[in-house]
Amino acid sequence: MSDADQPTPHQLSSAEVRKVATLARLALSDEQIENARHQLAGVLALMDQLRGLDLADVEPMTHPGGQVNRLDDDAPSADHQRTVLGPEALGRIAPMTDGPFVVIPKVIGGDDGGGA
Amino acid sequence: MPEIAHVELKVGLEVHVELSTRTKMFTRAANVAHADHFDAEPNTLIDPVVLGLPGALPVMNRAAVERSVMVGLALNCRIAPMSRWDRKSYFYPDLPKNYQISQYQLPLCFDGSVELPPMSAEGKVNYAAIAEASEAGGQLARTRIGIIRAHLEEDAGKLLHEAPGGHAIEGTLADYNRAGTPLLEIVTQPDFRTSDEVVVFCRWLRDVCRFVGATEGILQRGHMRFEPNINCVLKLSDGRTVKTPIVEIKNLNSFKAVQGAIEYELREQPGRWIRDGREMTPGSKTTRGWDDARNETFVQREKEEADDYRYFLDPDLLPVVMSVEAVERIRAALPELPLVRATRYLREYGLSPKEAAALVEERDVCLMYDAAIEHGVSLGLERGRAAKLAANAILQSGAKRANERSTPERAVLVSGLGISSEQIAEIMVLRDRGEISAQSADELFGLLCEMGGEAMGASPREVATRRGMLIVRDDAALDKWCDQVIAANAKVAEDVRSGKLQAVGRLVGEAMKLAGGSADAKTVRETLLKKLGQG
């Protein structure tokens with residue numbers, strides 16, 4: 001890291017915390033925002049501390065444990081068959097249904113599959 | 001204000017391909033993009049993993065990974081020795097678990113390139129032209145399109161804004177059958193300069209994905225969705241160059257829409273720049289949809305920035321490690337792609353470029369063609385002869401019947417007519433030995449198609465025998481038919497006797513009628529001429 005030797009303590013603004021909260025669909029009071037602002041600053045300070053370490057010779061770790069490739073065969077197993085659900089089961093956990101469908105509040109813009 | 005002296009189009013493409021595996025990406029619930037489940041009732045292909053219920057854990061689908069690598073190899077990509085899974089935070093009711101599993105930092109396939117094939121007059125991939133050029137020892141000048149990455153992710157569910165049948169609804173209806181379908185996202189460099197180039201790439205990509213068995217590729221069902229990123233480089237009269245902001249068009253599912261959307265933006269963007277002066281800067285990209293009826297693009301929601309998705313490593317999934325051996329194993333299993341196949345048909349079998357191109361248009365048809373040749377060879381036909389006879393059978397008798405049965409909604413292929421490659425090979429042998437006439441061979445082909453299920457395993461020879469199609473080698477019968485015809489057509493017979501040889505054609509036709517197609521026209525002609533003193 002080029003700036004590793006110049007750690008700067010991070011202070012988040014209330015607006016930044018509010019934006020992150022909105023993205024996470026969390027409704028926070030002013031008091032909670034202020035609280036989160038300090039807690040997040042603590043997390044970022046720890047990151048700054050880590051940036052100060054010399055990690056040039058360390059392989060990036062993408063996953064703990066060193067395990068890889070848990071792959072399933074492309075076939076419906078008997079085991080899996082027991083977990084298959086249908087519209088009735090879905091209807092029991094959905095707030096509102098219409099036939100086999102789940103009813104959700106009108107989606108703005110009518111966008112289908114926005115993120116995929 | 002300077003004027004725009006020249007407009008150059010720049011397009012990069014994102015393509016989402018729904019893989020046709022039997023089960024979903026991270027669970028063994030049935031996959032709606034597999035032909036067995038196309039018309040599954042709403043919300044029947046779901047389980048705790050699809051719905052993101054507490055405690056449900058994802059497990060990767062081996063076939064989805066392998067087929068993605070196949071497509072990656074066909075795009076000349078490098079295959080990552082290790083790739084991993086990220087969560088894309090995403091609150092939208094089409095994905096109930098509130099994130100999409102994707103590959104953000106380490107995609108499975110990356111850094112590839114494709115030589116763009118030429119387009120035919122009908123707007124299809126012109127395999128014939130490339131095959132011909134390579135046969136002549138040369139190469140066509142072809143545009144190179146860089147492939148940035150091809151990564152795996154999962155599809156979202158489907159939202160319906162009006163109820164099936166059209167009755168009014170208060171909210172939006174969600175069907176989660178599609179949620180979790182394996183999705184391969186292919187991203188190109190902005191190397192396209194015309195909408196034709198983009199369309200021919202899309203068509204070629206569809207052919208390749210279908211050939212390797214990655215997808216059914218039915219565009220109407222959304223198996224492939226195209227998202228062009230379009231902008232223009234404007235050269236101004238004062239010598240300056242400006243770039244218009246990038247517009248991404250979402251979710252196009254026809255080649256016509258891809259072409260229309262790009263042409264529309266090419267027309268509009270210079271004018272937009274004149275009106276608002278906005279240029280390409282970080283964050284200036286906008287997202288638009290395509291209105292098929294009005295033939296124009298329209299503004300959609302403002303896209304969230306990548307940072308807003310707060311990607312992070314999915315703790316539930318292990319990394320994907322692809323050893324060199326594993327990649328080579330997949331490479332070895334890669335089927336022959338359309339272009340290589342067309343070139344081989346030209347070179348080894350002496351087919352015409354048009355015949356070769358017609359055969360490779362559909363994977364199932366050329367697999368049937370190859371199988372018919374193999375069966376023909378095993379029945380004693382010389383390979384080149386078998387190749388020619390099989391091409392005739394499929395492109396004439398087969399294509400004719402496939403066309404008859406096709407509707408605008410549903411194309412029927414020769415491979416879907418009900419006749420098997422073994423049966424085609426037997427017809428080829430009957431024809432090659434002169435045991436049936438060309439006309440009977442075509443009729444026999446049709447009969448075996450019409451017999452449908454009951455013809456499964458039916459022997460073409462038996463059917464031909466039952467229907468009296470086999471050519472009679474009985475000289476006595478042939479003599480009798482010829483004598484009858486000569487007696488009944490004394491005037492024509494006299495013409496032939498006096499040297500008007502072309503008049504014999506009429507007598508041959510009459511004799512064939514008497515024989516009910518069971519005589520060989522050439523033998524009939526020879527016999528008649530002999531009897532009339534011209535043999």
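Each chain gets a letter, A, B and so on, in the order its sequence line appears, and its residues count up from 1.
- At a 4.5 Å heavy-atom cutoff, the contact between B:Pro315 and chain A is made by backbone atoms alone.
- For the pair B:Arg225 and B:Glu18, the salt-bridge criterion is met [side-chain N within less than 4.0 Å of a carboxylate O].
- Both the backbone and the side chain of B:Leu173 come within less than 4.5 Å of a heavy atom in chain A.
- The residues B:Arg178 and B:Asp175 are annotated as not salt-bridged, no charged nitrogen and carboxylate oxygen being separated by less than 4.0 angstrom.
- Summarising the geometry, atom OH belonging to B:Tyr311 is positioned 5.5 Å from atom OG belonging to B:Ser102; distances are rounded to the nearest 0.5 Å.
- Between chain A and the residues B:Gly222, B:Ala29, B:Ala174, B:Ala179, the most heavy-atom pairs under 4.5 angstrom are made by B:Ala174.
- In this structure, no portion of A:Ala89 lies under 4.5 Å from any heavy atom of chain B.
- Looking at B:Arg84, the atoms closer than 4.5 Å to chain A (heavy atoms on both sides) all sit in the side chain, from C-beta outward.
- Contact of B:Asn177 with chain A is not made at all, since no heavy-atom distance falls under 4.5 Å.
- Residue B:Phe26: no heavy atom, backbone or side chain, is found under 4.5 Å from chain A.
- To the nearest 0.5 angstrom, B:His223 atom NE2 is 6.0 Å from B:Thr215 atom OG1.
- Neither the backbone nor the side chain of B:Glu41 comes within less than 4.5 Å of any heavy atom of chain A.
- Contact check on A:Asp72 versus B:Lys24 returns no salt bridge, with no Lys/Arg side-chain nitrogen under 4.0 Å from an Asp/Glu carboxylate oxygen.
- At least one donor-acceptor pair under 3.5 Å links the side chain of B:Gln103 to the backbone N or O of B:Leu152.
- Contacts with chain A were tallied for B:Pro48, B:Ala63, B:Gly289; B:Pro48 has the most, counting heavy-atom pairs under 4.5 Å.
- Residue B:Val49 does not touch chain A at all, counting heavy-atom pairs closer than 4.5 Å.
- Outside the 6.0 Å centre-distance limit, the rings of B:Phe298 and B:Trp290 are not counted as a close aromatic pair.
- The part of B:Leu51 that comes within reach of chain A is its side chain, from C-beta onward, which places non-hydrogen atoms under 4.5 angstrom from that chain.
- Chain A forms more heavy-atom pairs under 4.5 Å with one residue of B:Leu317, B:Ile169, B:Asn31 than with any other, namely B:Leu317.
- Side chain to side chain, A:His80 and B:Thr27 meet the donor-acceptor criterion of an N or O pair below 3.5 Å.
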